[in-house]
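Below: one structure, written as structure tokens.
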Amino acid sequence: MLAKATLTHLESLETLTVQWNPQSYRIERHNRFASSSVVGGSEVGPKFAGGAETFLTRLFFDSTEEEGEARDLRPQVVRLHDWSRPAEERWSPPTVLFNWGDFRFGGMIESLEEDWLRFDPDGTPTRAWVDLVLRSESP
């Protein structure tokens with residue numbers, strides 16, 4: 001049985017449960033540096049200007065065992081798209097928490113890529129992989 005991961009919108013506390021095959025995930029850490037400057041005739045090296053962590057994984061959605069409206073996976077993926085957009089009163093998207101076992105990563109959704117793999121005869125999508133990238137900035 002596939003382990004299940006959750007994504008939680010940290011403002012509304014709405015949670016989305018996905019089936020996730022833990023083949024792999026990747027975490028990237030990047031530092032930013034301000035350009036060097038000259039102070040009193042001597043050059044000062046690059047100054048640390050913050051950093052970012054990026055979490056990349058592949059989420060598995062499968063509703064082939066569901067019936068009725070629950071078979072359509074599009075509303076779940078649309079919810080992720082909604083979570084990737086800033087609210088009207090904010091400049092940035094909300095923070096989303098990825099939780100799987102004892103692993104947690106909080107950040108904003110930077111990108112989503114969808115691969116739809118299985119469909120009912122009427123075209124309803126019942127299986128998909130969604131590549132998710134979360135980004136967390138630090139000062």
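Using a 4.0 Å cut-off between charged nitrogen and carboxylate oxygen, R71 and E65 do not count as a salt-bridge pair. A salt bridge links E53 with R29; the closest basic N to acidic carboxylate O contact falls under 4.0 Å.
A heavy-atom distance below 4.5 Å is found between the side chains of V77 and W116. Considering only heavy atoms from C-beta on, V130 comes within 4.5 Å of F61 through its side chain. Considering only heavy atoms from C-beta on, P94 comes within 4.5 Å of H9 through its side chain. Looking only at side-chain heavy atoms (C-beta outward), E28 and H30 come within less than 4.5 Å of each other. You'll find the side chain of E114 stays beyond 4.5 Å of the side chain of W129, heavy atoms only. The shortest side-chain heavy-atom distance between S136 and F105 falls under the 4.5 Å cut-off. A heavy-atom distance below 4.5 Å is found between the side chains of L80 and L16. Between T64 and R118 the shortest side-chain heavy-atom distance falls below 4.5 Å.
For the atom pair T6 OG1 and N99 CG, the distance stands at 4.0 Å (nearest 0.5 Å). Of the inter-residue distances, the one linking R127 atom CZ with L117 atom CG reads 7.5 Å to the nearest 0.5 angstrom. Here the straight-line distance linking atom CZ of R104 with atom OG1 of T8 works out to 9.5 Å at 0.5 Å rounding. With values rounded to the nearest 0.5 angstrom, I109 atom CD1 is found 6.0 Å from L134 atom CG.
L97 and W100 fall into different hydrophobic clusters, where Ile, Leu, Val, Met, Phe, Trp and Tyr residues are linked whenever their side-chain heavy atoms come under 4.5 Å apart, directly or through other members. Residues I27 and L112 share a hydrophobic cluster, clusters being chains of Ile/Leu/Val/Met/Phe/Trp/Tyr side chains in contact below 4.5 Å.
Judged by distance alone, the side chains of S63 and T126 never bring a donor and an acceptor atom under 3.5 Å apart. No side-chain donor from either of H81 and S84 sits under 3.5 Å from a side-chain acceptor of the other.
The hydrophobic cluster around L56 extends to V133, counting ILVMFWY residues whose side-chain heavy atoms fall within less than 4.5 Å of a member. Residue M108 belongs to no hydrophobic cluster, having no ILVMFWY side-chain heavy atom closer than 4.5 Å to its own.
Partners of T95 by side-chain hydrogen bond (donor to acceptor under 3.5 Å, both in side chains), not counting sequence neighbours: none found. For D115, the salt bridge (charged side-chain N to carboxylate O under 4.0 Å, His left out) test picks out R58, with sequence neighbours left out. Applying the ring-ring contact (aromatic ring centres under 6.0 Å, His included) rule to F103 yields the partners Y25, F55; only residues at least two apart in sequence or on another chain are considered. Under the salt bridge (charged side-chain N to carboxylate O under 4.0 Å, His left out) criterion, R74 pairs with D72, not counting sequence neighbours.
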